[in-house]
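Please read the structure below before turning to the comments.
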Amino acid sequence: VLVQPEPYQDDHRYLEYCFAHEPSPKFFKGTCLFDPTAPDTPERISMLVKSNPDRIVALRIHEVHKPGTPSLTEGPIKDRDLRSPAMRATWRRVQQLGLAIQMHFLPYYAPQIGELAEQFPDTPVLLDHLGRVPEGTSSDFEGVLKLAKLPRVYMKYSNVSSPTLAPTVRKLYDVFGPDRMMWGYFGRDQASFEKQAELFDVMFEFVSEDDREKIRGRNALKLFKWSS
């Protein structure tokens with residue numbers, strides 16, 4: 001799954017280029033990036049999905065501004081108000097299109113994500129980077145753990161560089177379980193991939209091989225509807 005990167009904003013031509021130059025048919029799928037509170041976003045997502053059938057799997061949304069500060073109304077990182085009617089309109093269209101929401105957020109915002117996830121229970125919600133829980137308080141961490149009570153919320157194992165996060169990974173695994181965790185970062189070259197693979201085995205040494213296979217890829221195959 002290719003995640004639309006912030007430097008390109010809502011210009012998805014490079015993502016579409018990758019679809020057109022993939023190593024084999026249907027090899028890639030991708031996420032999209034739009035301002036989630038812009039009035040035309042629901043229609044623009046629909047158009048992108050129509051132009052790339054069975055390719056766009058999620059909309060990525062940011063909520064990473066400092067806790068206690070107002071949501072942003074401009075700027076490249078579109079930290080928009082999660083409680084705005086326009087945000088709900090975008091989630092509604094995502095649900096209608098059968099896509100997921102990929103949340104990149106500070107753990108402080110977990111309760112607001114939970115409110116939206118409850119309103120749109122058919123929409124899978126993927127939490128980036130272990131919910132970035134080291135960047136929040138213990139209370140914030142509890143808020144992230146509570147999201148596991150919602151059956152369509154998934155945790156992405158990514159942005160992990162040290163075994164010191166093992167206790168955090170274990171707590172998240174205990175609440176999300178092997179069917180709702182996904183490995184989402186593989187390094188930038190073969191050497192870094194091998195390092196990440198070794199770290200993965202350390203982090204999940206307490207998990208059966210069958211369940212590790214789910215986290216490595218089988219959960220993603222199912223969620224993002226690959227045919228094989």
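Note that this is a predicted model, so its numbers are computed, not measured. Every heavy atom of this structure was used, including side-chain atoms; hydrogens, water molecules and symmetry mates were not.
Residues forming a ring pair (Phe, Tyr, Trp, His ring centres under 6.0 Å) with His104 (at least two apart in sequence, or on another chain): His62, His129. With sequence neighbours excluded, no residue forms a ring pair (Phe, Tyr, Trp, His ring centres under 6.0 Å) with Phe193. With sequence neighbours excluded, no residue satisfies ring pair (Phe, Tyr, Trp, His ring centres under 6.0 Å) with Phe28. Every residue was checked against the ring pair (Phe, Tyr, Trp, His ring centres under 6.0 Å) condition with Phe105, not counting sequence neighbours, and none meets it. Under the rule for a salt bridge (Lys or Arg N to Asp or Glu O under 4.0 Å), the partners of Asp211 that lie at least two apart in sequence or sit in another chain are Lys214.
The stretch residues 184-197 participates, sequence neighbours left out, in no salt bridge (Lys or Arg N to Asp or Glu O under 4.0 Å) pair at all.
The closest side-chain heavy-atom distance from Leu97 to Ser46 is below 4.5 Å. With a 4.5 Å cut-off on side-chain heavy atoms, Pro121 and Leu150 do not count as touching. Proximity of Val160 to Met203: side-chain heavy atoms (C-beta onward) are separated by under 4.5 Å at one or more points. A heavy-atom distance below 4.5 Å is found between the side chains of Met103 and Leu82. Contact annotation: the side chain of Arg92 never approaches that of Met87 to less than 4.5 Å [non-hydrogen atoms, C-beta and beyond]. Using a 4.5 Å heavy-atom cutoff, the side chains of Asp128 and Arg60 are in contact. Side-chain contact between Arg44 and Leu48 is absent, with no heavy atoms from C-beta onward closer than 4.5 Å. Using a 4.5 Å heavy-atom cutoff, the side chains of Trp183 and Asn219 are not in contact.
Cation-pi geometry between Arg55 and Phe19 is satisfied (NZ or CZ under 6.0 Å from the ring centre, within 45° of the ring normal). A cation-pi arrangement is not found for Lys26 relative to Trp226, the charged atom failing to lie both closer than 6.0 Å to the ring centre and inside a 45° cone about the ring normal.
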Applying side chain to side chain contact (heavy atoms under 4.5 Å, CB included), run through Arg212 and Asp201 and close with a yes or a no. CA-CA 8 Å; Arg212 280 195 242 183; Asp201 287 337; 3.3 Å; yes
Residue pair Leu2, Leu15: steps toward the side chain to side chain contact (heavy atoms under 4.5 Å, CB included) verdict: CA-CA 7 Å; Leu2 305 176; Leu15 179 62; 3.8 Å; yes
Full working for side chain to side chain contact (heavy atoms under 4.5 Å, CB included) between Leu99 and Leu59: CA-CA 7 Å; Leu99 308 182; Leu59 167 69; 5.6 Å; no
Any chance you could lay out the side chain to side chain donor-acceptor pair (under 3.5 Å) test for Thr37 and Asp35, step after step, and finish with the verdict? CA-CA 6 Å; Thr37 59; Asp35 181 341; 3.0 Å; yes
Working note: Thr164 + Ser162, criterion side chain to side chain donor-acceptor pair (under 3.5 Å); need CA distance, chi angles, decisive distance, verdict. CA-CA 5 Å; Thr164 58; Ser162 168; 2.9 Å; yes
Please lay out, stage by stage, how Asp140 and Val144 fare under the test side chain to side chain contact (heavy atoms under 4.5 Å, CB included). CA-CA 7 Å; Asp140 294 336; Val144 174; 5.9 Å; no
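In this structure, Arg216 pairs ionically with Glu209, as a charged nitrogen and a carboxylate oxygen lie closer than 4.0 Å. For the pair Arg13 and Glu16, the salt-bridge criterion is not met [side-chain N within less than 4.0 Å of a carboxylate O]. Comment: Arg218 engages Asp210 in a salt bridge, judged by a side-chain N to carboxylate O separation of less than 4.0 angstrom. Taking the charged nitrogens against the carboxylate oxygens, Asp79 and Lys66 have no contact shorter than 4.0 Å, which rules out a salt bridge. Remark: Asp54 does not engage Lys225 in a salt bridge, criterion side-chain N to carboxylate O under 4.0 Å.
Across all their heavy atoms, Val3 and Gln102 have their closest contact at CG2-NE2, 4.1 Å. Between Val153 and Ala117, the shortest heavy-atom distance links the atoms CG2-CB, 4.3 Å. Scanning all heavy atoms of the two residues, the minimum distance from Leu33 to Pro5 falls at CD2-O, 4.2 Å. The two atoms that bring Pro42 and Ala38 nearest to each other are CD-O, 3.9 Å, heavy atoms only. Here the closest heavy-atom approach between residue Pro163 and residue Val202 is recorded as CB-CG1, 4.5 Å. Taking all atoms of both residues into account, the shortest heavy-atom contact from Ala110 to Leu147 is O-CD2, 3.5 Å.
A distance-only check finds a donor-acceptor pair linking the side chain of Glu22 to the backbone of Phe27 [under 3.5 Å]. Not a single donor-acceptor pair under 3.5 Å links the side chain of Ser158 to the backbone N or O of Gly184. Side chain of Asp174 to main chain of Lys171: no donor-acceptor pair is present (N/O by atom type, distance under 3.5 Å, no hydrogens or angles). No donor-acceptor pair under 3.5 Å is formed between the side chain of Glu6 and the backbone N or O of Pro76. The backbone N or O of Phe224 lies less than 3.5 Å from a partner atom in the side chain of Lys29, making a donor-acceptor pair. Remark: side-chain polar atoms of Arg180 are not paired, donor with acceptor, to backbone N or O of Met155 under 3.5 angstrom. The closest donor-acceptor contact from the side chain of Thr31 to the backbone of Gln4 lies under 3.5 Å. Side-chain N or O atoms of Arg88 include one that pairs as donor or acceptor with a backbone N or O of Arg83 at under 3.5 Å.
Ser51 OG to Ile56 CD1: the interatomic distance, rounded to the nearest 0.5 Å, is 9.0 Å. Between atom CG of residue Leu127 and atom CE of residue Met182 there is a gap of 9.5 Å, rounded to the nearest 0.5 Å. Interatomic distance, CD1 of Ile61 versus OG1 of Thr90, reported as 7.0 Å (0.5 Å rounding). Remark: Ile45 CD1 to Gln96 CD distance equals 10.5 Å, nearest 0.5 Å.
With hydrophobic clusters built from ILVMFWY side chains whose heavy atoms lie under 4.5 angstrom apart, Leu172 shares a cluster with Leu199. Connection of Val207 to Val175 is established within a shared hydrophobic cluster, with ILVMFWY side chains joined at heavy-atom distances below 4.5 Å, either directly or through further cluster members. Both Phe206 and Leu145 belong to a common hydrophobic cluster when Ile, Leu, Val, Met, Phe, Trp and Tyr are linked at side-chain heavy-atom distances under 4.5 angstrom. If you chain together hydrophobic residues whose side chains sit under 4.5 Å apart, Leu126 and Trp91 never meet in one group. Under the 4.5 Å side-chain heavy-atom criterion for grouping Ile, Leu, Val, Met, Phe, Trp and Tyr, Val1 is not connected to Leu130 through any hydrophobic cluster.
No more than 12 heavy atoms of other residues, nucleotides or ligands lie within 6.0 Å of OH in Tyr108, so this atom counts as exposed by the packing criterion.
The distance between the ring centers of Tyr109 and His65 falls below 6.0 angstrom. Checked against the 6.0 Å centroid criterion, the rings of Phe176 and Tyr154 do not qualify as a close aromatic pair. In summary, the aromatic rings of Tyr157 and Tyr185 are positioned with their centroids too far apart to meet the 6.0 Å limit. Aromatic ring centres of Tyr17 and His12 lie farther apart than the 6.0 Å criterion allows.
Ring pair Tyr173/Phe204 is perpendicular by interplanar angle, where above 60° counts as perpendicular and below 30° as parallel.
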